[in-house]
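Contents: one structure, followed by commentary.
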Amino acid sequence: MALQRASFGIFLRFRINDHIGEEVGMGQSVDVYVLDRDGDPVSGTTVTIDIAGIWKGGKLEADTDEDGHAEFETSADYEDGRQVKIYVRGESFGPYDLNEGDFTVTLD
């Protein structure tokens with residue numbers, strides 16, 4: 001009887017890990033490029049994206065690199081049509097469709 005429990009536990013663990021791997025590995029990549037009013041990249045500034053939703057929404061933050069690029073990885077279970085707002089240095093942009101995945105914002 002103990003052997004059967006151990007076998008079941010091993011099987012269950014593999015199935016759970018398989019499922020978790022699918023969820024974690026399939027997130028959506030969101031790229032935000034931040035430019036100043038002259039069109040030059042803005043480096044070293046914090047970008048916040050706010051994904052709409054009561055239960056599954058939330059905010060993510062990342063800093064821009066030397067090219068003005070901030071990269072985010074979202075959860076895998078966002079449905080089509082989810083809206084996102086972008087916040088940089090007190091300015092807000094959007095809402096945009098999260099599925100677009102690639103955004104450029106220009107600061108005033």
Side-chain angles (χ1 to χ4, degrees):
M1 190 72 148
L3 183 58
Q4 290 176 342
R5 285 186 196 157
S7 296
F8 177 73
I10 291 169
F11 173 74
L12 182 61
R13 204 169 311 131
F14 284 130
R15 295 303 304 154
I16 289 172
N17 287 341
D18 287 346
H19 180 67
I20 290 171
E22 290 173 12
E23 291 296 315
V24 171
M26 299 299 289
Q28 179 177 347
S29 181
V30 177
D31 296 295
V32 177
Y33 294 89
V34 180
L35 305 176
D36 64 17
R37 66 175 61 126
D38 296 325
D40 297 322
V42 177
S43 63
T45 196
T46 301
V47 177
T48 303
I49 63 170
D50 187 359
I51 302 168
I54 295 172
W55 300 110
K56 293 183 181 178
K59 294 180 180 179
L60 299 171
E61 287 188 346
D63 291 332
T64 56
D65 62 15
E66 63 276 356
D67 297 320
H69 174 244
E71 185 175 10
F72 303 89
E73 186 73 24
T74 70
S75 175
D77 58 353
Y78 287 122
E79 65 275 357
D80 289 343
R82 183 69 68 135
Q83 297 290 295
V84 62
K85 288 185 179 180
I86 300 169
Y87 299 93
V88 184
R89 293 188 178 171
E91 296 185 48
S92 65
F93 304 89
Y96 304 106
D97 185 346
L98 181 63
N99 292 333
E100 292 174 26
D102 196 15
F103 308 96
T104 299
V105 297
T106 303
L107 301 177
D108 287 332

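Starting from 1, each residue takes its place in the sequence as its number.
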Are side-chain heavy atoms of Ser29 and Glu71 found at a separation under 4.5 Å? yes
On a heavy-atom basis, which atom in Glu66 and which in Pro41 lie closest, and how many Å separate them? O-CB, 4.1 Å
Among the clusters formed by ILVMFWY side chains lying less than 4.5 Å apart, do Leu60 and Tyr96 turn up in the same one? yes
Quick one: does any side-chain atom of Thr64 pair with a main-chain N or O of Thr45 as donor and acceptor, under 3.5 Å? yes
Could you tell me whether the side chain of Arg37 and the main chain of Thr106 form a donor-acceptor pair under 3.5 Å? no
When rounded to the nearest 0.5 angstrom, what is the spacing between NZ in Lys85 and CD1 in Ile51? 13.5 Å
What closest approach, in Å, do Asp67 and Tyr33 show between heavy atoms, and which atom pair accounts for it? O-CD2, 4.4 Å
What distance do Arg89 atom CZ and Thr48 atom OG1 have between them, rounded to the nearest 0.5 Å? 12.5 Å
I need the Asp63 CG to His69 NE2 distance, nearest 0.5 Å. 12.5 Å
Using modelled atom types and a 3.5 Å cut-off, is there a donor and acceptor pairing between side-chain atoms of Asp97 and backbone atoms of Asn99? yes
Indicate, with yes or no, if the rings of Phe103 and Phe93 have centres closer together than 6.0 Å. no
Looking at every heavy atom in both Val47 and Phe72, which two are closest together, and how far apart are they? O-CZ, 3.6 Å
Note, Leu107 side chain near Val42 side chain (heavy atom, < 4.5 Å): yes
